[in-house]
Amino acid sequence: MSIFVLVVVISLAEDYLPVWQKALALVTIGIALVCISAFKPMSTADASNYEAYFYLYDDTIVELSVEPSYRYLSRFYLSFGFGITAIFLTYALIAIPLKLALLWKLTPFVFTSMIVYVGIYYPLHDVVQIRCSAATAFLLLAMVPLAKRQYLLALLLTLVATVFHYSSLAFLPIFLLGNIKVGKYWKWVLAAAIPICLLLYLAGFSVFSFIPSSMTEGKLDIYKDMSDLGLWGKNYVPYKNIIFVAEFTLLYLFIYFYDTIKEHCIYAPILIKVLALEMGYFIMFAEVEVLGNRLHELFGMFNVLAYTQCLYIIKPRYIVRIGLATFSLTYYLVQMYNEVYFH
């Protein structure tokens, strides 16, 4: 909480701070975030599961469900007598510095973007879902060459992300759509996409009926059956989710002010399509909470940048910063109350 307050305070003054002071503050905060992520208590959500994966890395079920990067690192550290903290530290050192370096490179308002990152996605990814954290860092990195049409490098980085989390393959549609110019036609498509998805959802449409089980070796069926039994969460209602509602609002702001945002952000065509894609995943996979949430949360770092674009369309800027701080803090407190991050 103290780090979040510090980030908010710095963000309110970042337009007037010299570069070296912002860099020093970012490095200092980054070290603190790495330490918190690496040396967290085992009462943290998912920590006990990661510990089980760590010691049972060669178990058949673990081999089927856990990515090779985690299993190979587990075998390596166990051979030298290290414990689960070594895994936590490794993932923190991979993901957090890379994310902060990218925020520094991709936006002049790094501490405004840090409000959303520290308040929402840091505890979700870097404290709890460490494999997803590393994956989303490499997906964000892949956006840079993708915007420059360096498709081979972008694909390589996406494959690296997949080694950390299989759900990273959900980013592949952006290779087909990401660099397409967002003109009047595309604005209408993006504006209509989410309402159409919601209508299909309310009509009872199931995406699972169109995916043969042979394509996923039956894993989607397992996800659905476990969800129906209530073992992996219950089916959620997308439009009642606070993050979804915020993203819905952000999407239409992005569409309406797209030309203004594009003047300041060369990644705008990708950001707006990623935003629509993740919302589509969230709706269409609502039958299975663990799958729909995971696909939706995977693109969190893209949202961090997308929210920051509001600084170009809403004046004065402190209104945006205070608004983002209020929203992020509210979400964090609700998650803490529901014991999402700690048990």
Side-chain angles (χ1 to χ4, degrees), residues 45-46 49-50 52-53 61-70 120-121 123-125 127-139 158-159 161-174 193-194 196-245 247-248 273-303 331 335 338 340-341:
D46 274 2
N49 291 333
Y50 279 118
Y53 299 155
I61 296 178
V62 174
E63 289 181 350
L64 289 173
S65 59
V66 179
E67 293 78 11
S69 59
Y70 191 89
I120 298 178
Y121 294 106
L124 179 65
H125 285 166
V127 176
V128 178
Q129 302 171 4
I130 60 172
R131 290 177 296 150
C132 187
S133 172
T136 195
F138 281 100
L139 289 179
T158 302
L159 293 177
T162 305
V163 171
F164 286 100
H165 207 287
Y166 293 139
S167 62
S168 300
L169 292 173
F171 184 68
L172 290 179
I174 298 300
I194 303 307
I196 290 173
C197 287
L198 283 171
L199 287 174
L200 290 173
Y201 165 78
L202 293 172
F205 172 82
S206 175
V207 70
F208 292 94
S209 61
F210 292 88
I211 304 177
S213 59
S214 57
M215 288 182 61
T216 61
E217 299 179 347
K219 289 181 181 179
L220 285 182
D221 293 331
I222 294 174
Y223 284 149
K224 191 173 186 305
D225 292 341
M226 295 290 275
S227 183
D228 291 341
L229 292 171
L231 298 177
W232 279 350
K234 300 178 181 179
N235 297 348
Y236 55 83
V237 180
Y239 53 81
K240 292 184 178 181
N241 181 284
I242 184 175
I243 294 292
F244 179 85
V245 173
E247 290 171 353
F248 190 86
K273 289 162 193 165
V274 169
L275 183 59
L277 180 66
E278 66 174 288
M279 294 172 67
Y281 283 143
F282 191 59
I283 298 169
M284 303 314 294
F285 289 95
E287 287 183 76
V288 182
E289 181 180 21
V290 67
L291 185 58
N293 274 328
R294 192 57 54 85
L295 291 174
H296 180 236
E297 294 162 355
L298 178 69
F299 302 107
M301 289 305 296
F302 292 87
N303 293 346
Y331 181 81
Q335 297 297 83
N338 293 325
V340 173
Y341 303 139

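Source: prediction; values computed, not measured. The residues of the chain are indexed from 1 along the displayed sequence.
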Could you pull out all residues at least two apart from S167 that satisfy side-chain hydrogen bond (donor to acceptor under 3.5 Å, both in side chains)? H165

I want to check something: taking the side chain as every heavy atom from C-beta on, are N303 and E247 in contact at a cut-off of under 4.5 Å? yes

Residues two or more places apart in sequence or in another chain: which of them pass side-chain hydrogen bond (donor to acceptor under 3.5 Å, both in side chains) with S133? K99, D126

Mind checking what makes ring pair (Phe, Tyr, Trp, His ring centres under 6.0 Å) contact with Y121, not counting sequence neighbours? H125

Those residues at least two apart in sequence (or on a different chain) that pass salt bridge (charged side-chain N to carboxylate O under 4.0 Å, His left out) with E278 are none

Partner residues of V163 under the side chain to side chain contact (heavy atoms under 4.5 Å, CB included) criterion, sequence neighbours left out: P68, S69

Taking only residues two or more places apart in sequence or in another chain, which ones pass side chain to side chain contact (heavy atoms under 4.5 Å, CB included) with L202? Y239

Which residues pass the side-chain hydrogen bond (donor to acceptor under 3.5 Å, both in side chains) test with E297, not counting sequence neighbours? Q129

Sorted by chain and residue number, the ring pair (Phe, Tyr, Trp, His ring centres under 6.0 Å) partners of F164 (sequence neighbours excluded) come out as Y91, F138

What class does the angle between the rings of F299 and Y281 fall in, given that below 30° is parallel, 30 to 60° is tilted and above 60° is perpendicular? parallel

Of all residues at least two apart in sequence or in a different chain, which pass the side chain to side chain contact (heavy atoms under 4.5 Å, CB included) check with I196? A192, L200

Check whether any side-chain heavy atom of R294 lies under 4.5 Å from a side-chain heavy atom of F285, and answer yes or no. no

Please name all residues satisfying side chain to side chain contact (heavy atoms under 4.5 Å, CB included) with A193, sequence neighbours left out, ordered by chain then number. none

